[in-house]
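Numbers here simply count residues along the sequence, with the first being 1.
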Amino acid sequence: MTEPWRILIVDDEEDLAPLIAASIRAAASNDFGNEPDVKIESVFDAAVERLAAEKYDLVILDVRDQPGATHGQEDQPSYPGTSVFERIRQHRFIPIIFYTAVPAEVQSHDNPPFVQVVSKIAEDHVGELRSAVRQAFQSDFPRIYRLLEDHSASVMRDFMIEFVEKNWDALSENRADMMHLLVRHLSTSLGDGGADMTAELGYGSGDESDDTVHPTRYYAALPSIDYATGDILHCSQSGSTSSDETETESWYVVVTPSCDFVSRKGKRHSEYVVLLECRLLSSFPEYENLVADRPVDSDQTTKRQRLRNLLDSRPYKQQVDRFHYLPEAWMVPDLIVDNQLVVSIPYDDLDEHYEKVASLDSPFAEELVHRFARYIGRLGTPDLDLDAIVARCVGQQHPP
């Protein structure tokens, strides 16, 4: 990255802040190649305005005013840094390092590498601050955030120039159309550009083929609070036996149509929700038989193919379409949806007993429902005597 990192120090100690800035410049340049652009802001309220108007990659934030500052009551300390922290987090994401003589006041926010707390009264406080800065940048979140901002700005610029400008006569009559088209275009670009941005960050080659995608493309990791088709649900239940108490974990996917969750005139279309139970991939013999083969034995190729067939919904000597594979990603383990394990529960039980972990993205949610409908709605018919038909065809071509 050629553009240097931008760091804002928010501290009203006029003697200390420049020394810390110089130390960070030296340390960060050794770690990341370019000397960072470090700015100092001594007024807490002005720091929020500055962050809104300028781009920064990291904030180093003091908590307490200079000794003697009060809230109008004698001996009552002032902690404006906590207010600044909350205001920053309401408007944007940026890694923050609390650098303070009262670390206990903000210890509850400590969540490295996003939020870190460094004590000014520690024996090696400068070294600890340098380490925190290093950890923030090594997390790659500043790089990711920059890349997403640049990508979004580029897409919006091209959209405005290539589409809006050229079609303004039509769009100006209904500007809501323009917004919907822009949001959809931006959404599509983020999905299609995922592989390229991943490669640019050095996380992979980015060479997704035309017919394969990364497993995480199956899911929306921050699903809507409303329920919809394709929601992945997790349920933990405790049960007791005569000897001990056990806890079981179950996974489900919602197949009730999304429109049935809509409430009209105070009444929801669906009183019950249809779920398909999912089984862990590791519980299937196709998986167990392959993993148990270490070192590799002579049947390895066959066992690999049988596992692939299971993942492709064509299990060996079983019904096609009975199973549907959901790949491991984020908090979702490798799951096999079983179209025979259909569960119906009251809608009101969803929030009480189930946690929505993720949602299947389009078109993967639609694919799952289509496979379920195809499996459940299949018709059983006698097998046609194909051998007799082939023999007849051959006989017509070669009469006696």
Side-chain angles (χ1 to χ4, degrees), residues 3 5-13 17 20-21 24 36-66 69-72 76-120 129 132-133 135-156 179 182-183 186-187 190 197 220-226 330-331 355-359:
E3 185 179 350
W5 298 116
R6 302 200 69 205
I7 301 173
L8 179 64
I9 298 176
V10 184
D11 197 319
D12 63 349
E13 294 189 51
I20 295 302
I24 291 173
D37 181 9
V38 182
K39 304 295 185 183
I40 299 171
E41 178 55 65
S42 60
V43 180
F44 286 92
D45 287 338
V48 178
E49 299 175 3
R50 192 161 181 170
L51 284 165
E54 305 172 19
K55 287 186 177 182
Y56 288 94
D57 304 293
L58 175 68
V59 174
I60 298 174
L61 179 62
D62 193 9
V63 173
R64 185 175 65 181
D65 273 338
Q66 286 280 10
T70 68
H71 286 296
Q76 178 66 38
S78 173
Y79 300 129
T82 57
S83 174
V84 170
F85 170 78
E86 296 296 343
R87 290 162 65 188
I88 292 173
R89 299 284 281 191
Q90 288 175 3
H91 296 288
R92 62 170 299 181
F93 169 82
I94 186 171
I96 295 174
I97 300 173
F98 283 113
Y99 182 53
T100 173
V102 286
E105 296 296 326
V106 289
Q107 198 62 45
S108 61
H109 295 298
D110 189 47
N111 184 27
F114 314 103
V115 182
Q116 302 178 72
V117 179
V118 176
S119 174
K120 285 183 177 180
L129 180 60
V133 171
Q135 186 175 359
F137 285 118
Q138 287 177 341
S139 71
D140 269 355
F141 284 103
R143 293 178 64 206
I144 293 170
Y145 204 79
R146 273 193 183 187
L147 186 61
L148 286 171
E149 282 191 324
D150 292 345
H151 174 84
S152 299
S154 175
V155 169
M156 289 189 288
M179 286 306 305
L182 172 58
V183 171
L186 183 59
S187 173
L190 288 171
M197 286 188 281
L222 192 62
S224 166
I225 60 173
D226 298 321
W330 188 51
M331 293 181 66
E355 174 191 9
K356 181 159 61 170
V357 176
S359 294

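Ion pairing of E54 with K39 is absent here, as no side-chain N (NZ or NE/NH1/NH2) approaches a carboxylate O to less than 4.0 Å. A salt bridge does not link R64 to D62: none of the charged nitrogens lies less than 4.0 Å from a carboxylate oxygen.
The side-chain heavy atoms of F137 and I7, taken from C-beta on, include a pair separated by under 4.5 Å. Using a 4.5 Å cut-off on side-chain heavy atoms (C-beta onward), L51 and H91 make no contact. Counting heavy atoms from C-beta on, the side chains of S152 and L186 come closer than 4.5 Å. Residues I97 and L129 have side chains in contact (heavy-atom distance under 4.5 Å, counting atoms from C-beta outward).
Nearest heavy-atom pair, P113 versus P95, reported as atom, atom and distance to 0.1 Å: O-CB, 4.2 Å. Shown here for G81 and F98, the closest heavy-atom pair between the two residues is O-CE2, 4.1 Å.
With rounding to the nearest 0.5 Å, the separation of CD1 in I60 from CD1 in I9 is 4.5 Å. Atom CD of E41 sits about 11.5 Å away from atom CG of L61, to the nearest 0.5 Å. In this structure, the separation between CD1 on I96 and CG on L8 is 10.5 Å, given to the nearest 0.5 Å. Of the inter-residue distances, the one linking K55 atom NZ with R92 atom CZ reads 8.5 Å to the nearest 0.5 angstrom. Rounding to the nearest 0.5 angstrom, the gap separating the CH2 atom in W5 from the CZ atom in R146 is 5.0 Å. Once rounded to the nearest 0.5 Å, the distance linking CE of M197 with CD1 of I144 reads 10.5 Å.
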message: Does V106 form a side-chain contact (heavy atoms from CB on, under 4.5 Å) with F85? I'd like the steps, not just the answer.
response: CA-CA 10 Å; V106 289; F85 170 78; over 6 Å; no
Worked check of side-chain contact (heavy atoms from CB on, under 4.5 Å) between L147 and R143: CA-CA 6 Å; L147 186 61; R143 293 178 64 206; over 6 Å; no
task: Could you walk me through whether D57 and R6 pass salt bridge (charged side-chain N to carboxylate O under 4.0 Å, His left out), step by step?
output: CA-CA 5 Å; D57 304 293; R6 302 200 69 205; over 6 Å; no
query: Given Q116 and N111, is the side-chain contact (heavy atoms from CB on, under 4.5 Å) satisfied, shown in steps?
result: CA-CA 6 Å; Q116 302 178 72; N111 184 27; over 6 Å; no
task: Take V43 and D12 through the test side-chain contact (heavy atoms from CB on, under 4.5 Å) and record every step on the way to the result.
output: CA-CA 6 Å; V43 180; D12 63 349; over 6 Å; no
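In this structure, E105 has no side-chain hydrogen bond (donor to acceptor under 3.5 Å, both in side chains) partners at least two apart in sequence or on a different chain. In this view, Y56 satisfies the ring-ring contact (aromatic ring centres under 6.0 Å, His included) rule with no residue, not counting sequence neighbours.
Side-chain atoms of D11 never come within 3.5 Å of backbone atoms of A17 as a donor-acceptor pair (strictly under, hydrogens ignored). For S154 (side chain) and H151 (main-chain N/O), no donor-acceptor pair under 3.5 Å exists by modelled atom type. Using a distance-only test at 3.5 Å, with no hydrogens or angles considered, no donor-acceptor pair links the side chain of S83 to the main chain of P80.
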